[in-house]
Structure formats: structure tokens, C-alpha cells
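Quantities reported herein were computed from a predicted structural model and do not represent experimental measurements.
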Amino acid sequence: MCKSFSLLVAALERNFSREPSARCWMILRREKPTTGFIFSSDFVIFSTAKSFIEACMFLQTSVDVLVVAMPLFYGVVVFLYALSFFRESALAARLKPVLLRITVFLHLLYILARTAAFDHPPITTVYEIMTILAACIAVGYLYIEMRTRARNTGFFILLLAFIFQLASSMFIKDLIEIEPVLRSRLLGFHVSATLLGYTGISLSAAYGFLYLMLYHEIKSSRFGVIYKRLPNLEMLEQMSTNSEMFGFLTLSVGIAIGFFWLPLAFDNVSYWDPKLIGTLFIWVLYLIGIVAKRRFGWQGRKMMIVSLVGFGFVFLSMTLINFGLSGFHKFH
Amino acid sequence: MSELLSIGISHHTASVDIREKMWLNIDETKEAVSHLLKKRFQECVVISTCNRTELYGTASALPDPSDVQRFLIDFKKATGSVRDEHFTNAIGTNAVSHLFRVAAGIESQVIGDIQILNQVKESFQISRELDALGPLLNHLMQSALHVGKRVRTETQICEGAVSISYAAVELANKIFADLSKKAVLLIGAGETGELTLKHLIGRGIGSVKVANRTREKADELVTRMSGSVVDYKDLQEALRSVDIVISSVTSPSYIVQPQHVQSVMKQRSHNPLFIIDIGVPRNVDPRCKKIDNVFLYDIDSLHTIVERNVDHRRDELPKVKDIIEEEVNAFIKWQNSLSVGPTIHDLRNVFESIRAEEVEKNINRFSPDDRQLIDIVTKRIINKILHQPTTALKDGAEDQGRNKETLQRINALRELFGIAGHKLNGNEKR
């Protein structure tokens with residue numbers, strides 16, 4: 001019932017005026033196409049439909065506001081982290097954790113609102129996925145900040161979240177009708193696991209980058225703001241390695257679910273999909289890195305470079321393959 | 001009105017052997033304060049560290065500084081070696097600003113030294129226990145501690161290591177997350193090497209190994225620092241299991257070679273190795289710096305760090321001086337607020353007593369009808385004379401920019417009208 005209602009609303013959304021009662025009337029007409037009479041039970045349907053549509057309108061408005069507000073919030077958060085990192089502003093240092101928590105909370109609300117308003121989790125297009133990725137990075141960073149109490153790396157990590165959210169907000173479309181194949185619950189697990197994997201990889205790369213910067217400053221005895229404000233090398237390496245392991249494991253789960261789901265979803269399955277191959281390639285690259293770490297004791301600089309190269313491929317996969325090449329991962 | 005005097009001997013004016021002779025331990029400090037309270041001061045604080053011995057005292061009529069100096073010299077039985085020119089004195093505002101500079105760490109031998117604030121606190125405590133503090137010194141010492149705190153939080157004057165050994169420890173903290181899980185190897189037994197090791201132990205380093213050509217020396221060091229001795233010949237072997245190496249031996253050639261470090265790194269699965277080479281000539285081949293995860297620092301690069309940190313601290317001086325000026329002004333304002341009121345009161349009393357005396361003396365020359373009138377007229381004259389100075393004093397006390405001027409005026413007034421020795425309610429000892 002609910003789904004048919006929402007589809008109905010979606011259809012009405014495109015064709016009719018945005019005035020709620022007019023739309024309710026249209027729903028009534030659709031639900032009762034054969035009779036010209038209106039019964040008392042119709043009023044129940046009418047009022048249900050009315051409040052439903054009003055809720056939809058409210059959700060739509062919230063989404064409209066948040067889609068603009070999210071990059072702004074991230075922008076301010078990144079600005080505060082930059083101020084406290086480069087200018088050592090005490091006020092920014094006090095405000096930044098508070099604003100980060102507010103931003104993360106609003107972002108989760110935004111994702112929920114999107115899911116409710118368009119009747120599917122935002123995982124069907126690359127821009128929908130980008131906002132989830134931004135949220136994952138922000139949540140992941142918040143978790144690391146709370147665990148390690150190291151608050152000085154935020155600028156570099158949250159900058160990634162800001163960029164992803166900005167791109168998402170600029171190009172995201174309000175899609176109500178999506179391919180039925182994308183409504184699968186398994187797909188939800190597949191996408192969220194893969195996204196968590198990418199989040200881990202992004203965080204690992206960001207910390208790897210910070211590690212290399214600090215490593216370089218210490219090695220060359222040029223002690224600038226990086227040396228002064230960043231936590232120590234060992235901690236940065238640990239943050240990077242932990243995020244990498246987390247990313248690798250969840251990516252593995254995501255890929256496994258994908259392989260399981262693929263034959264269920266499509267009739268004639270071809271595994272020659274660029275994104276699939278790209279992701280597998282990344283997975284193998286990280287596998288090699290992790291094995292090399294265990295087997296040959298790769299540490300420090302080398303591992304951080306591996307993590308950065310891996311992220312480079314992830315970025316290529318996210319951009320080139322999504323925009324350039326076609327395959328079954330292209331749904332719209 | 002109470003005046004403030006400071007007398008001191010410091011690294012600016014006296015060499016270490018002189019300062020040593022004037023150093024007072026806690027018991028001596030207590031004794032000296034008690035002695036000084038008996039005769040010379042109403043309030044007294046003595047601060048004594050290895051770099052300075054200073055005395056702050058207040059009295060309504062200050063004793064001759066050289067008399068106090070002689071007392072201190074006699075007290076420490078240092079006659080002959082310590083002379084008057086080793087001392088510096090300051091009175092009033094200058095003494096206040098001197099104490100604030102000391103508390104801010106900019107009078108320290110190493111600029112921004114944090115130790116001094118603890119000493120100031122300790123001396124404050126001692127005098128308080130001896131009941132040697134009145135409102136003036138109490139407020140002064142509290143303001144000094146406040147200055148120290150402000151300087152530490154609002155400026156970066158104490159940041160960055162300013163000695164070779166601390167610079168090495170700071171670097172170790174930027175490389176390793178948890179020093180308690182790390183091991184250090186000290187090669188040789190130089191003074192700086194030992195000091196660095198001490199600092200590392202202070203930061204909770206996990207374990208200590210010592211290697212020395214003469215084994216007895218290593219044994220002796222290990223018993224003092226609690227660690228283990230490594231045979232000098234097994235150095236290569238030891239490098240595998242430690243994370244920090246401090247090397248300070250005198251050797252004509254490098255005792256650690258790059259090919260050797262390379263093979264060690266493989267064996268220790270490329271765990272970071274931090275090498276502090278403070279030997280002159282250098283003990284470790286500088287080419288080792290190029291090896292991944294090896295952090296090699298020689299004495300020159302450590303010196304560079306120290307110099308940069310000292311420069312950085314110097315850059316903070318203007319900020320510190322601003323804070324000191326602000327606090328000195330606040331202190332003088334507080335002092336003025338206490339002394340302006342009583343001074344006006346005293347001044348009026350002086351005039352009133354003269355008037356009353358004269359009226360009393362001559363009252364019989366007037367007819368009974370005029371007697372009341374003469375009382376009123378003379379009072380009016382005095383009021384009119386005093387009106388201008390009174391308002392000028394009050395206005396001056398409210399204007400922070402004219403603090404010093406106000407203080408001078410008060411002193412001049414008290415001296416000119418002979419009220420210098422008059423007791424002040426606010427500034428007297430309890």
C-alpha cells in the first residue's frame with residue numbers, strides 16, 4: 001500500500017500542481033477510478049493521503065535545505081580545523097569538535113530524509129553514493145578523533161568529506177523512480193560494505209599522506225607547522241594501517257556479496273564490468289600490500305606509499321569508470 | 001605608606017660560584033625571613049634558586065639597601081667573596097616589574113624556563129607560613145603567579161626544547177607513540193649523552209642498555225640508572241633490539257656504517273630507528289640518514305633545532321612584555337586605590353589639626369558671637385585649598401595610564417606635608 005502510494009505521489013509530483021489537497025483529490029480519483037461516488041471511507045483515505053503528502057512535502061523541503069546546507073557546514077568545519085591547525089586559533093579549537101558533531105548529525109538526518117522522501121537509500125547514482133562516502137569519512141574521522149584524542153589531523157581528512165559532499169550536492173538529482181533491481185536488500189548490504197571499504201581506504205590514504213609529510217619534515221630537519229601540530233609518526237602509521245585493514249575487510253565483504261547477488265539480479269551475467277574489474281584490482285593491490293607487510297615486514301614510508309597508490313586507483317575507479325565506461329554497474 | 005624594595009643577586013650580575021655562596025635552602029630561607037622581619041621589614045619574601053637569590057620586602061621607612069645586602073652576606077658567611085656590586089636593587093614599581101619579569105621566565109638564564117614559577121610559589125608559601133605577608137606582598141606574589149600563568153597560556157615563550165638533550169627527547173616523541181614500549185641504547189658515557197638518557201627515563205622509556213669501551217664505567221652507570229650492560233663488541237647485535245641509540249664516544253672513525261644499519265633494519269623488520277649522534281667527531285656515518293625509517297641526528301642538527309626554538313621564544317618577548325606591563329599597571333592601580341583614599345584622609349587631618357590648633361589658641365580674641373563664625377570660615381578656607389589637590393589625586397587614581405604619576409604625587413604629598421610615616425590601613429601588616 002505504502003509503496004503504491006509513493007509511486008502514485010511520484011507520478012502526481014511530475015504531472016500535477018504541488019498543492020497538497022489537489023493532489024489528494026487526484027489520488028482519490030486514481031484509487032476509485034470506476035465509481036463517481038465518494039463514500040465516507042474515502043475521507044479516511046483522503047486524510048491519510050493528505051497527511052502523507054504533507055509529510056512528503058516536509059521531507060522534500062528538508063532535503064532541499066540540507067542539500068545546500070551540508071557542503072556549507074562541511075566548509076565551515078574544514079575552515080575551523082584549518083584555522084586551529086595553521087593559525088593556532090584557540091576559539092576555532094574549541095568550536096571545531098562541537099560543529100563537527102552537529103554536522104555529522106545533520107548529515108545522517110539528511111541521508112534519512114533522502115531515503116524517506118525518495119523511497120530508496122541514496123546508493124543508486126554516483127552522486128548519491130558520494131554523500132554517503134562523505135558521511136562515512138566524517139563519522140570515521142570522528143571515531144578516530146574520539147579514540148586517539150588527536151584533534152589536529154581533521155583538516156586533511158574532513159577536506160575529503162567536504163569535496164565529496166560538494167560534488168554530490170552540486171549534481172545530485174531527486175530520483176523517485178529507480179530500476180527495480182536496485183531495490184534489493186542484498187544490494188543495500190553490497191553497497192554499504194563496499195562504501196565502508198572505500199571509506200577505510202580514503203582515511204588510510206589521508207593518514208598515509210600526513211605520515212609522509214611528517215616523515216619528510218623530520219628526515220630533512222625542517223620543522224614547520226606539520227611537525228608542530230601533527231601527532232607522532234607511529235600514531236599516524238597506526239591510524240593509516242587500522243583504517244586500511246578495516247577498509248580491506250569491509251571491501252572484501254562487499255565484493256563477496258556482489259558476486260553472490262549478481263546472478264540473482266541479472267539473467268545473463270557477464271563479469272566483464274569495468275567497475276567490478278577495477279575494484280577487484282584494487283582489492284588485489286591491497287592484498288599484496290598487506291601480505292608484503294606481514295611477509296617482508298614493510299613498514300613506515302613504503303606502506304604509506306602503497307596506501308596512497310591504492311587510493312589513487314580508487315579515485316580513478318570512482319571517476320573514470322563511472323563517467324567514461326559502461327557496464328552493468330551503470331543503472332541510469 | 002609601605003614601600004617595596006627588592007634586592008637580588010642573579011646570573012646577570014654574578015658568576016655561579018658567587019651565586020652558590022648566596023643560595024639559601026628552605027630552612028635558611030625561613031631563618032632569613034624571620035630575621036629580616038624583626039628589624040628591617042614589615043613583610044618579606046625570599047626567592048632562592050641556582051640562578052638567583054632575591055629578597056622582596058616592604059616597610060613604611062625602607063632600610064638602606066646596602067644594610068640588607070650586608071645582612072645577607074653575613075647570614076651566608078660570604079664576606080669577602082660576595083661584594084655590593086653583585087647585587088641589584090629596585091624600589092616600588094621597578095621592583096614590581098622585576099618580580100613579574102622573573103615569574104614570566106624572561107629573566108631566566110634560558111629564556112622561558114618554567115622552573116622559576118615553582119620557586120616563586122614555594123617562596124610565597126614559606127613566607128605565608130611564617131606570617132610574613134601583609135596585603136601588599138600577598139597581592140604582589142599572587143599577581144606574579146598570575147603573570148607566570150598568563151605568559152604560559154597566552155604566549156609560546158616556554159615552547160620547544162632549548163637544550164640538546166631535550167631536543168633529542170622531543171624528536172623521539174614525534175617519532176614514537178609510546179616511549180614506555182621502546183628501548184634505548186647509550187654508547188659511551190659523555191655528559192650530554194647521559195643527560196639525554198636521564199630525560200628519556202624521565203619520560204618513561206621502556207628499557208635502558210649501556211655499552212662502553214671500559215666496562216666498569218658502563219656497570220657504574222647501569223647501577224645508577226637501572227638497565228643492562230651490552231658488551232661493546234656486540235654493538236651491532238644490540239642495534240637490532242633497540243629503538244633509540246644515543247652515541248657519544250671519541251673515535252677517529254665511524255663506529256656505525258650504513259651497510260651495517262641496512263642489514264640491521266632488515267633484521268628488525270624496518271621498525272623505525274632513531275639515532276642521536278652527539279660524538280665529535282661523528283660516530284655514525286651520515287649516509288645512514290638515507291636509509292628508510294632511520295632517523296639520524298648529529299650534534300649540529302640538534303643545535304639547529306635548539307637555536308630555532310630559542311629564536312622562536314625570543315619572538316614571543318614583545319607579547320610577554322605587554323602582559324607584564326598590563327599586570328604592573330593593574331597592580332599599581334590596586335595599590336593606588338588603597339593609598340589615594342588614606343592619603344587624602346591624612347592630608348585633611350594634618351590641615352584640620354593645624355586649623356583647630358590655631359582657632360583654639362586664638363578663640364578668646366573674638367567675641368562670643370563671632371566664635372562660631374570663625375570656625376566655619378577657617379574650615380571653608382581649608383576645604384577650598386584642599387579641593388583642587390583632592391580631585392586631581394582622585395582623577396589620577398582612576399586613570400590607568402597615569403598610575404606611576406599618581407604614585408609619585410602621593411609620595412611627594414606625604415613627604416612635603418610630613419605624613420610619610422603615617423599608618424595606612426590597607427597596606428599595613430596584619
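Under a 4.0 Å N-O distance rule, the pair B:E326/B:R150 qualifies as a salt bridge. In this structure, A:E234 pairs ionically with B:K182, as a charged nitrogen and a carboxylate oxygen lie closer than 4.0 Å.
For a residue to count as touching a neighbouring chain, one of its non-hydrogen atoms must lie under 4.5 Å from one of that chain's; by this rule A:L236 does not touch chain B. Looking at B:K266, there are no atoms closer than 4.5 Å to chain A (heavy atoms on both sides), in backbone or side chain. Interface remark: B:Q156 contributes side-chain atoms only to the contact with chain A (heavy atom separation under 4.5 Å). For a residue to count as touching a neighbouring chain, one of its non-hydrogen atoms must lie under 4.5 Å from one of that chain's; by this rule B:R308 touches chain A with the side chain only. Both the backbone and the side chain of B:N271 come within contact range of chain A, each with at least one heavy atom under 4.5 Å from a heavy atom of that chain. Of the atoms belonging to B:D292, heavy atoms from both backbone and side chain fall under 4.5 Å from chain A. For B:L296, no part sits under 4.5 Å from any heavy atom of chain A, backbone or side chain. Looking at B:E159, only its side chain comes within 4.5 Å of chain A, counting heavy atoms on both sides.
In this structure, A:F73 has its ring center at least 6.0 angstrom away from the ring center of A:H107. Under the 6.0 Å cut-off for aromatic ring centres, A:F85 and A:F156 qualify, their centroids lying closer than that.
Separation of atoms SG (A:C136) and CG (A:L203) is listed at 9.5 Å; rounding is to 0.5 Å.
Residue A:F155 forms a ring pair (Phe, Tyr, Trp, His ring centres under 6.0 Å) with just one option from A:F86, A:Y81, A:F209, A:F162, and that option is A:F86.
Using modelled atom types, one finds no donor on one side chain facing an acceptor on the other under 3.5 Å when comparing A:S243 with A:Y141.
Of the listed residues (B:S269, B:G160, B:S301), the one with the most heavy-atom contacts under 4.5 Å to chain A is B:S269.
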